[in-house]
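When a ligand or atom number is given, it counts from 1 through the structure's own listing order.
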Amino acid sequence: MRFAHLSDSHLGSRQFGLLERETDFYDVFARNIDKIIEKDVDFVIHSGDLFDNNRPSTEALLAFQKALLRLNEAKIPIYAVAGNHDSILRKGALPPQVLFKDIGLKLISDNHPMYTEGPVLICGVRYVPSSQSRALKSAYDQLSKMADKYLKSILVSHQGIDKWMHEDTHEIELSQMPKNFDYYAMGHVHNYVEEDFGKGKLVYPGSMEIWRTSESNENFREFGKGFVVVDLSYDKPQVERVKIDLPREFVRAVIDYNKFEEGLRDVKEKIQSMDNKPMLDLTIAGGDFDSADVYETIKESIGDNVLNLRPSFKPDKVLEEERIIDENKILDPRTLLQKRVREKYGKEEVNKLSIDLLDNLSVGRIDDAKFISDRFYSQHYFDEVKSNELNNDKLEESDSLDDYLDKNLDDSIEDSKNEKSKQISFDDF
Ligand SMILES: [Mn+2]
């Protein structure tokens, strides 16, 4: 039994506000789907951030609808879980993926955390913010108990694991992950990761396109962008990386101002030969120059050959103020916020809450921020009420992730069994 695993397609993302970049994301998604169909897999798993936004544009919805219809035609089912970009945390709100359930999308959700494909358990949990990591661990524990009952099991989850995240941005540590799944279909980390873990493999397929310029990095040069095909017929799953060409190149160049003309000519030569106008990350360094003049020269020379031109300038003489700003990286709002919150409260959970709120409020997700703070309140203060035995009835109604899973795991398995009433056996491999 073979399946394709992909993640972080961010449909609708419009890098630097460029319509061409939005189209690139749709193109590359279609290319991945083409290749998956060509690979003739048994099913597909998408590990979240299918859309760049939890209110996707019609174009983004259409791009996925097209892909889904093509997979349907090829009789390849697709399972998906919501990521941090495309989920709505507020209880009862409908995430965009719901639009596609009736035309075949198998959404792994609080209501339906488990599915089976022959003898394979496919289960998971939607993105859980870091201030609720306790609920995440509890959900993992419950799913892990189910895993032992199946011949093969896959955990689908969109979370940052500490090992592959920058400091303080993870929701879970590798040591806290359940160990008994055969395959960990992860999403969230945009680099490619393939690691032996537990009794199987843990994979982040990475983003499908270069979502941030920083993703045009060493990892990208080594593993490219794309998906993986996983073969479960072995003791340990076999993972094949499938690279998909991106519609346009990201060119990174540094020109020494002392050899400016020569350097600029080289860059021009390189980018002129490209079919699609590339993204250019250009730095002019060294020497003594006026940035505005140099910018005009660059723009005149190669402005028409690139999709975006945003050079950085590093002359020898940097203004004193600029140098100080450069050295004090703490001017990053995330870092500043954490520093202040730590000083004031000294509690890790408050720190996590502040980051979750920043992430949501800074992109206008007011409802989600409200949900996070309400949940935080009920988890950290309501428990105190419970211990005072003041209000047990209300606790019953509390809508924690654990409760959803408790309630829905059994139903979900029943559903799965009804859907696939055939005997589960090893012959399916
Ligand atoms: Mn993502």
Strictly under 2.8 Å, is the Mn ion (ligand 1) approached by any N, O or S atom of His158?
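Not a single backbone or side-chain N, O or S atom of His158 is under 2.8 Å from the Mn ion (ligand 1).
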For the Mn ion (ligand 1), give me the closest N/O/S atom belonging to [X], just the atom name.
X	value
Asp49	OD2
Asp8	OD2
His190	NE2

Less than 3.5 Å apart, any donor N or O on the side chain of His170 or Asp162 sitting next to an acceptor on the other?
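Per modelled atom types, His170 and Asp162 side chains form no pair under 3.5 Å.
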Decide if atom CZ of Arg342 counts as having more than 12 heavy atoms of other residues, nucleotides or ligands within a radius under 6.0 Å.
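Count over threshold, so yes.
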Cation-pi geometry met for Arg241 and Tyr192 (6.0 Å, 45°):
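Satisfied, under 6.0 Å and within 45°.
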Do His85 and Trp211 make the cut of ring centroids closer than 6.0 angstrom?
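They qualify: ring centres under 6.0 Å apart.
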